[in-house]
Amino acid sequence: MTETQADRPGDLAARKRELLRRRLESAGLAHTPARAERIPPRPADTARLPLSYAQSRMWLLQQLDPASPAYNVCLAIRLRGPLDADALRTALAGLLARHEVLRTRYPTADDGTPHQVVDAVAELDLEETDLHGLPPDERDWRADALARAASATPFDLTADHPLRALLLRRADQDHTLVLTVHHIAWDGGTFNALSRDLSALYRAAVTGADAGLEPLPAQYADFALWQRTTFTDERLAGHLDHWRTHLLPPPRPLDLPTDAPRTPRPTAHGDRRFRTFAPEVTDRLTAFARTTGATPFMVLLAGLAALLHRLTGATDIPIGSAVMNRDLPGLDRLIGNFGNTLALRADLDRDPGTAELVARVRTLCTDAYAHQDMPFDLLVERLRPERHPGRAVWFDVMLLFLTQGLQGPELPGVSVEWETVHNDTTQFDLSLEAFLTGGRLRIEATYRSGLFTPETVDRLLARLETLLAAGLADPEQPVSRLPLMSGAEEQQVLTEWNTTARPVPGTTLAALLAEQAARTPDAPALTFDDLTLGYAALHARAARLARLLVAHGAGPERRVAVALDRGPDLVVALLATLQAGAAYVPLDTGYPAERLAVMIEDAAPALVLTSTAAAHKVPAPAAPTLLLDDPALRERLAALDPAALSDAERLAPLRPEHPAYVIFTSGSTGRPKGVVVPHAAIVNRLLWMADTYRVGPGDRVLQKTPASFDVSVWEFFLPLVTGAALVLARPGGHRDPAHLAELIREQRVTTAHFVPSMLRVFLDDPHAERARGVLRRIVCSGEALPTDLAERCTRLLDGTELHNLYGPTEAAVDVTAWPCADGTGSASGSVPIGHPVWNTRALVLDASLRPVPPGVPGELYLGGSQLARGYLGRPALTAGRFVADPYGPPGARLYRTGDIVRWTVHGALEFLGRADDQVKI
Ligand code: AMP
Ligand code: MG
């Protein structure tokens with residue numbers, strides 16, 4: 001069904017309508033006195049008959065896309081019994097004779113504007129198709145196909161009459177009459193007028209008696225002329241004022257969660273889904289309307305607005321509706337488009353309860369009805385709202401409530417059943433038509449199939465019912481607290497998609513490193529330029545330094561700052577710090593001095609490890625500084641026995657909950673903050689990766705990320721806990737694609753990390769091909785991985801796996817992962833960030849910490865083994881970002897990421913943006 005095929009929303013029974021009129025009057029909003037007017041017949045000499053406003057709009061829309069059947073209305077009327085086809089033909093001809101609008105064309109004048117040409121009484125060509133010789137199955141199939149074809153054939157309004165009829169003969173006593181009408185001559189009130197006349201005319205044709213039809217008060221063209229001449233600026237001024245205030249500045253288009261990315265030119269392709277509400281929900285809705293002086297339409301509109309608010313986070317919710325505007329005497333007997341579109345915007349500000357929201361919507365609608373005479377198209381013309389590409393004017397969601405039952409024709413001796421034939425088009429992103437049938441509310445949703453899947457629309461309708469049921473049961477409850485999901489669905493997002501438990505040894509990174517060194521003492525551990533160190537050699541160097549660190553007071557819960565360029569000394573310094581049981585704090589000497597000063601102040605290191613070249617860039621800390629390239633120190637270290645550092649001196653007191661490193665993140669504003677990551681967290685992260693990506697001896701992992709970023713943590717230690725080799729890029733070389741490609745090929749690097757923007761630069765470089773056949777896997781993280789880039793990468797480097805990982809420093813590097821082999825597309829245009837890793841919980845919550853349904857954006861909260869302890873020396877900041885997990889066991893914490901994500905229906909996460917910028921929630 002179509003846009004204006006509705007009665008006044010939530011049609012009021014006569015008594016109610018009178019009540020509304022009085023209420024409007026007392027509010028100074030009485031309908032214009034014009035209601036008592038009659039439409040005068042047009043003067044016989046009217047030279048060029050204008051189109052009504054509604055017709056103009058239909059004409060223009062059709063002209064914009066002449067091949068589109070989007071404005072066709074098609075009815076399939078099944079007629080069982082002895083049908084007199086000749087009488088039917090006569091009746092249809094009589095219908096055309098009676099209603100000029102059915103024999104009107106709309107040619108264009110020289111200036112490009114259309115006008116009406118009413119043809120003298122015209123024959124209707126009732127095309128007949130005989131299907132009765134076909135087997136029953138094929139007959140049904142053919143009949144459907146013919147009806148759909150009829151509904152999909154566009155009208156040329158400049159030349160065609162707007163009604164086509166087709167009679168399908170299925171059997172002697174079984175026919176389908178297919179009527180296709182253009183919306184230019186049709187609205188929701190038309191069907192009953194047509195049925196009434198067709199019935200009378202058919203009966204008359206069969207019996208030879210007079211049809212006894214009351215003369216029409218006017219013809220549609222009279223109405224059009226009357227509307228054009230009486231709807232003067234003066235008469236419309238008050239209405240225009242109302243709408244100007246209501247609609248300007250225009251609302252932001254709704255960011256409905258879609259299944260596919262929006263395009264600037266969406267197609268009109270549409271489909272339909274249905275839902276019938278439970279009887280008790282329907283009863284609650286109608287009873288609530290009754291007791292609050294609202295209409296069922298208003299209550300449903302409130303529910304829909306609340307749902308759209310919850311799905312988008314917007315508080316200004318634009319929704320369209322329509323009125324029939326057939327109030328003038330006798331107009332209900334006319335065929336034609338009298339409808340008018342209403343642009344409504346519901347106010348969800350300050351989180352109202354359902355009762356309050358319905359009250360707001362009632363006022364909204366009452367005001368709108370008082371000003372419904374303002375033709376929508378004239379309104380658009382006058383207000384000229386800012387347009388958004390791919391969006392309709394003012395609203396993309398429509399709600400209609402059909403209150404008047406539609407009456408099919410009654411033909412003597414023939415049983416009649418009818419249905420609308422859908423031609424797979426839609427005018428809006430989503431339009432809902434509701435009607436009450438058998439005591440239940442039934443909703444028919446027509447949706448843009450380029451944006452939504454049928455399952456999404458089904459879920460949307462289910463959520464509308466869940467939310468309305470709860471809101472009506474507890475009308476004071478703020479809508480933000482109403483449930484959107486069934487219990488089973490909630491279980492799915494909270495538990496099923498977080499089934500990540502996996503036993504991981506309760507050990508430390510230091511212990512894992514030592515165990516690996518003991519397993520493969522002679523295997524290559526580290527390569528830098530021409531230098532290669534075996535595991536035993538590397539660990540011996542680290543052990544000597546560790547001894548010195550312990551002597552300087554390094555140990556669990558103490559920190560060692562490391563300010564070194566990439567090179568073997570850096571690796572040795574990190575290993576030594578871990579062996580000493582302390583946490584390392586990487587300092588990037590490229591940072592501004594003030595920033596380094598703040599970091600050193602917060603870190604309060606027991607020691608600073610640096611080099612002669614870098615030392616002067618480190619602001620003077622109140623801690624001893626060791627220059628690792630100082631010949632005197634080297635001599636001292638060489639003299640130490642690496643085995644002399646006893647367990648009691650180092651590893652024994654170290655426990656999994658002790659910090660392994662402190663990495664400073666800038667945060668979007670303000671002072672850098674040190675994230676304290678315990679051993680247990682990084683051990684979980686490393687063992688998950690080693691197992692999932694099957695990293696082991698034979699692998700060679702490229703280390704190119706500066707140590708001050710946490711990606712470097714796995715680049716350093718994943719190889720060293722798995723028996724693989726660590727390949728250090730030259731300082732600075734990590735930004736040069738040609739150098740990297742060369743290094744990857746020469747050093748047979750199997751595993752490399754790229755931030756997506758760097759991956760793009762890398763792939764753009766002609767040298768990138770050299771990595772083909774060498775790299776086993778590329779790991780991306782740090783920013784959204786665009787789908788096109790992922791696809792290009794897999795094409796160019798076939799045979800190289802590509803993985804998208806996501807995580808904040810506050811949760812030990814990465815917490816979710818997605819193999820691009822499982823697909824690279826998503827509605828956001830970037831690769832999904834996937835599923836939570838071992839022993840990790842990912843919750844997508846709204847502002848009230850309620851889980852949001854799949855498809856709906858929310859903020860990502862993380863729980864589980866990988867959470868950082870907090871921010872060094874910043875308890876208030878820590879308390880603000882690490883909160884109690886309302887769904888976890890007592891004591892469980894969640895880290896609030898500030899990232900906006902959503903679940904796909906298959907339980908993968910999609911990254912949408914940051915809460916503080918792009919996406920509002
Ligand atoms: P950091 O704490 O410096 O590691 O930065 C973490 C932030 O980077 C996250 O909160 C996200 O905003 C962003 N981020 C990390 N990985 C991804 C990814 N795969 N896709 C999109 N954003 C990411
Ligand atoms: Mg990260």
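Just so you know, ligand 1 is whichever comes first in the structure, and atom 1 is the first atom listed for that ligand.
With a heavy-atom cut-off of 4.0 Å, Val813 does not touch ligand 1 at all. With a 4.0 Å cut-off on non-hydrogen atoms, Tyr806 touches ligand 1 through its backbone as well as its side chain.
In this structure, His835 and Trp818 have tilted ring planes: the angle between them lies in the 30° to 60° band.
The distance from the OG atom of Ser712 to the CD atom of Gln703 is 6.0 Å, given to the nearest 0.5 Å. Residue Asp788 holds its CG atom at 9.0 Å from CZ of Arg795, rounded to the nearest 0.5 Å.
Where the criterion is an N or O separation shorter than 3.5 Å, residue side chain and backbone included, Leu785 fails it with respect to ligand 1. Below 3.5 Å of separation, one finds an N or O of Glu783 facing an N or O of ligand 1. Of the polar atoms of Asn804, at least one N or O is found under 3.5 Å from an N or O of ligand 1, judged by distance alone. For Asp899, a nitrogen or oxygen atom sits less than 3.5 Å from a nitrogen or oxygen atom of ligand 1, counting backbone and side chain alike.
Under a 4.0 Å heavy-atom criterion, Ser830 is not in contact with ligand 1.
We find that Arg874 and Asp602 are joined by a salt bridge, their nearest charged nitrogen and carboxylate oxygen being less than 4.0 Å apart. Using a cutoff of 4.0 Å between basic side-chain nitrogens and carboxylate oxygens, Arg694 and Glu801 are scored as salt-bridged. Checked for salt-bridge contact, Arg262 and Asp429 meet the test: a charged N lies under 4.0 Å from a carboxylate O. Glu810 and Arg893 are not joined by a salt bridge, as no carboxylate oxygen comes within less than 4.0 angstrom of a charged side-chain nitrogen. Using a 4.0 Å cut-off between charged nitrogen and carboxylate oxygen, Asp588 and Arg595 do not count as a salt-bridge pair.
Within the listing of ligand 1, atoms 1 (P), 2 (O), 3 (O), 4 (O) sit less than 4.0 angstrom from a heavy atom of Thr809.
Of the protein's non-hydrogen atoms, Leu805 O, 2.7 Å is the one closest to atom 19 (N) of ligand 1.
Taking only non-hydrogen atoms, the option from Pro808, Ser828, Gly782 nearest to atom 14 (N) of ligand 1 is Gly782. Taking each of Ala784, Ala817, Gly807 in turn, the one with a heavy atom nearest to atom 4 (O) of ligand 1 proves to be Gly807.
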